[in-house]
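In what follows, a structure is listed as structure tokens, so that the remarks can point back to it.
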Amino acid sequence: MKPVILTGDRPTGPLHLGHFVGSLQNRVKLQNDYKQFVIIADYQALTDNYDNPSLVRNNVEQVMLDYLATGLDPALNTFFIQSQVPELYELTCYFLNLVTVARLERNPTIKDEIRQKNMKDSIPTGFFCYPISQAADILAFKADLVPVGEDQSPMIEQTNEIAKRFNFLYKAETLKEVKSLIGTVGRLPGIDGKAKMSKSLGNAIYLGDSADDIRKKVNLMYTDPNHLKVSDPGTVEGNVVFSFLDVFDANQTEVEELKAHYRRGGLGDGVLKKRLVEILEALIAPMRQRREQYQKDPAFVKDLLRNGTNNARQVAATTLLEVRSAMGIVY
Ligand code: TRP
């Protein structure tokens, strides 16, 4: 039997290059060696979009298309919709008692989000508890590995605490601790040079972008504001074009040479940007093609999600039987 991966995303918008280097790339790489479950976390997306459920609803198929576009193979992956697996809600409820409010308050991801979203004294309970629901997602599938972006490590830590606590309290070996797999790049900056690429910051390059979008965005990239003339010496650190070349350019020896040249002076931003446009276009063009292929067959995509969700329900239901039995909640 293959080891299990459980991974996924919130359907709040199209996926971008940050998602790609953070986890999608790993998922594609590992899909042959693991039984991979991919969760479209619509319930979790609702915890901070409850005032706009249609945004979440409308992005489910879009994220699904992004998955297929990236090269996740329908024959190798089980794609499912979180809200349609009620067993996950049930497991979340049992877990709610195993985590203290103080522990949730210390979760760095939650802390950051509360600050960013300016929630202060009006934190929705559902939002506050989403790490517990995420633990249920992972533990219900007895996952061995979770490929996620760097910001998700605290969630995995919390998940393992819950697994241990459950097994200890109910003298069981029902739940399995999990490992996270963080992408090669901790965090891809946005095109504006902000620390993180994100839809809400409006600084993302999407996996569905056209060749024209890519060119425009790369041309907008933040470089060295003091590098006015080609002959001026330039700064590499914090220069987004170089950050991207570091990540996406297969020829790192040449990138090092370009950096030295840029620092000396005599190398224009235009040359570097042209190089990056070509690299990104070569990465994204096949995704665009696959997406177009699948877009022609919405019934296939719908069935894929329906069947995947049914399969996921069966797996989660089996775990829930064991969970209830470990707790003695059997009638
Ligand atoms: N929190 C993840 C994100 O923001 C989405 C997610 C929900 C998830 N449940 C998960 C990721 C379980 C990995 C495993 O993208």
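Each ligand, and each atom within it, is numbered from 1 in the order the structure gives. Here, residue 1 is the first one in the sequence, and each next residue gets the next number. Fair warning: this is a prediction, and the values are worked out from it, not measured in the lab.
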Query raised in the report: How about R27 and S23: does a side-chain donor come under 3.5 Å of a side-chain acceptor?
Result: yes

Report task. Could you say whether the N/O atoms of Q152 and ligand 1 ever approach to under 3.5 Å? Result -> yes

Query raised in the report: Is M155 touching ligand 1 with its side chain, its backbone, both, or neither, if touching means heavy atoms under 4.0 Å apart?
Result: neither

Requested in this report: Before accepting this row, confirm whether a basic side-chain N of the pair D212/K216 lies closer than 4.0 Å to the acidic partner's carboxylate O.
Outcome: yes

Query raised in the report: Can you list the ligand 1 atoms lying under 4.0 Å from a non-hydrogen atom of A41?
Result: 7 (C)

Query raised in the report: Can we call the ring centroids of F127 and Y50 under 6.0 Å apart?
Result: no

Query raised in the report: What distance separates I279 CD1 from D249 CG, expressed to the nearest 0.5 Å?
Result: 3.5 Å

Query raised in the report: Does R10 make a cation-pi contact with Y130, if we ask for NZ or CZ under 6.0 Å from the ring centre and within 45° of the axis?
Result: yes

Query raised in the report: Measuring from D137:CG to L91:CG, what's the distance to the nearest 0.5 Å?
Result: 9.0 Å

Requested in this report: Just jot down the ligand 1 atoms closer than 4.0 angstrom to any heavy atom of I138, in number order.
Outcome: 12 (C), 14 (C)

Query raised in the report: For atom 8 (C) of ligand 1, which protein heavy atom lies nearest, and how many Å away is it?
Result: Q134 NE2, 3.5 Å

Query raised in the report: To which protein heavy atom is atom 9 (N) of ligand 1 closest, and what is the distance rounded to 0.1 Å?
Result: D137 OD2, 2.8 Å

Query raised in the report: Which residue supplies the protein heavy atom nearest to atom 14 (C) of ligand 1, what is that atom called, and how far is it?
Result: L6 CD1, 3.5 Å

Query - Residue and atom name of the nearest protein heavy atom (relative to atom 5 (C) of ligand 1), distance in Å to one decimal - result: Q44 OE1, 3.5 Å

Report summary line: The closest protein heavy-atom partner of atom 4 (O) of ligand 1 is R10 NE, 3.3 Å

**Report entry** Within 45° cone of F37 ring axis and under 6.0 Å: K35 NZ or CZ
**Finding:** yes

**Report entry** Atom indices of ligand 1, in the order listed, that fall short of 4.0 Å to a heavy atom of V146
**Finding:** 13 (C), 14 (C)

